[in-house]
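Quick note on labels: first sequence line is chain A, next is B, and so on, each numbered from 1. Only a predicted model underlies this, so the values are computations on that prediction, with no experimental measurement involved.
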2 protein chains.
Amino acid sequence: MTMAKRDTYTPDSLLAVAVAVFNERGYDGTSMEHLSKAAGISKSSIYHHVRSKEELLRRAISRALDGLFDVLEEPGAVTGRAIDRLEYVTRREAEVLMDELPYVTLLLRVRGNTDTERWAMERRREFDQKVADLLERAGADGDLRADVDIRLATRLLFGMINSIVEWYRPGRGGAASRDEVAEAVVRTAFAGLRKP
Amino acid sequence: MTMAKRDTYTPDSLLAVAVAVFNERGYDGTSMEHLSKAAGISKSSIYHHVRSKEELLRRAISRALDGLFDVLEEPGAVTGRAIDRLEYVTRREAEVLMDELPYVTLLLRVRGNTDTERWAMERRREFDQKVADLLERAGADGDLRADVDIRLATRLLFGMINSIVEWYRPGRGGAASRDEVAEAVVRTAFAGLRKP
DNA sequence: AGAGTAACCGAACGATCGGTCGGGGCAAGA
DNA sequence: TCTTGCCCCGACCGATCGTTCGGTTACTCT
């Protein structure tokens with residue numbers, strides 16, 4: 001919607017503009033005309049930098065997925081008790097989500113209309129499954145409250161974390177900061193999930 | 001996507017088909033051609049029952065909003081201690097969400113591209129504000145844990161509840177039932193929110 | 001049997017979609 | 001000064017968008 005001025009575009013800097021518009025209007029609701037207005041260059045010029053509209057989506061989603069998957073290989077996610085690894089992954093996932101907010105936002109909203117979107121959904125399921133395994137293990141260790149089904153708890157945990165994209169805005173205003181949000185997520189989730 | 005057979009359509013029965021397709025492909029990603037295929041009648045016949053594509057969206061969203069707002073006027077939501085009213089509203093909202101799943105799903109996904117969508121977002125904000133007031137009051141009563149900001153807690157609570165639309169499917173399979181889900185939501189949320 | 005009407009259809013409307021094409025301007029290197 | 005190559009443009013493509021239109025069924029009521 002807003003005009004962007006810059007000397008020249010790289011595929012990445014153009015991607016940043018495109019993702020912002022995608023998140024504002026939805027991917028399907030965004031035309032190449034919308035992108036050209038937002039980027040301040042003509043519609044045909046966009047094709048000098050990227051092959052297609054779908055490539056923009058693929059690039060954005062890849063970036064989001066890479067960020068999320070990388071967390072699972074960090075030391076805090078692979079060593080120690082399952083419940084502690086789970087807490088670590090929860091906090092880090094929330095942080096990555098906020099650091100790469102526009103890209104993760106886009107990832108969480110794909111509906112599966114194209115091959116690219118279906119690929120994104122599949123990779124996302126892989127990721128969710130790995131965290132679900134962690135919850136399963138923490139349950140087996142007896143570190144989770146027993147009165148809530150583990151699969152349900154997994155869904156609710158993800159629901160809470162992913163909902164961050166609906167309201168968190170990085171520009172520091174009176175609102176909560178990145179670290180405060182991450183802390184609140186961990187606290188709220190685990191004071192409910194962890195055995196007293 | 002799938003063919004639907006029926007003697008004749010009413011605006012409501014057609015709406016049910018349309019909403020299903022909207023949720024599968026996204027509103028913007030759904031063409032009238034898609035709807036006609038799913039409904040088993042021609043594109044032009046749809047206009048015999050409804051004025052426009054946007055009217056379908058408006059009807060669906062209205063139904064969802066009505067269901068949610070009605071909860072706030074039920075006896076359990078207006079009498080008693082704030083923390084108890086909050087718990088009641090949380091459970092009932094989860095139930096309504098599951099009872100009216102396709103319609104609420106659509107409501108939660110609008111992006112604000114048209115007047116109808118902006119109206120939906122505004123009404124949704126009204127609703128959220130009323131629940132936020134309830135949380136505020138429970139906090140003032142000293143019934144909420146003090147180490148998490150109340151506005152943050154509100155966001156996370158809604159995030160958890162609303163995430164139900166992403167995975168709950170009513171056809172009873174091996175998965176959790178409506179009441180089990182509602183119970184799990186309340187338990188997970190309040191064992192984290194309520195003061196020990 | 002005839003009239004009226006709800007439900008439906010194919011064809012076509014102007015607008016907009018994602019994408020292509022040939023070429024222009026301009027800074028850097030020769 | 002001339003050439004090269006990057007960045008950009010307006011004009012245009014066939015396809016598809018939401019919607020309209022004139023007309024045809026098939027059923028109901030008299």
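In this structure, B:His34 places its NE2 atom 10 Å from C1' of D:dT16, rounding to the nearest Å. Rounding to whole angstrom units, CG of residue A:Leu35 and P of D:dC8 are separated by 14 Å. Rounded to an integer number of Å, the gap from CD of B:Glu33 to P of C:dG10 is 10 Å. For B:Tyr27 and D:dG18, the OH to P distance is 8 Å, given to the nearest whole Å. Distance A:Arg25 CZ to C:dT16 P: 13 Å, rounded to the nearest Å. Atom pair A:Met32:CE and D:dC8:C1' shows a separation of 15 Å (rounding to whole Å applied).
Proximity of A:Ser163 to B:Met160: side-chain heavy atoms (C-beta onward) are nowhere separated by under 4.5 Å.
Note that CZ of A:Arg85 is 10.0 Å distant from CG of A:Leu72, once rounded to the nearest 0.5 Å. The CD atom of A:Glu126 sits 13.5 Å away from atom CE of A:Met121, with the distance rounded to the nearest 0.5 Å. We find the CZ-CZ distance between A:Arg145 and B:Arg187 to be 7.0 Å, quoted to the nearest 0.5 Å. Note: A:Glu122 CD to A:Leu65 CG = 11.0 Å, rounded to the nearest 0.5 Å.
With no hydrogens or angles considered, no side-chain donor-acceptor pair links B:Ser45 and B:His48 at under 3.5 Å.
Contact annotation for A:Ser31: backbone-only contact, meaning every heavy-atom pair under 4.0 Å involves sugar-phosphate atoms and none involves a base.
Of the residues in residues 43-61 of chain A, those placing a heavy atom less than 4.0 Å from an atom of DNA chain C are A:Lys43, A:Ser44, A:Tyr47, A:Ser52, A:Lys53, in numerical order.
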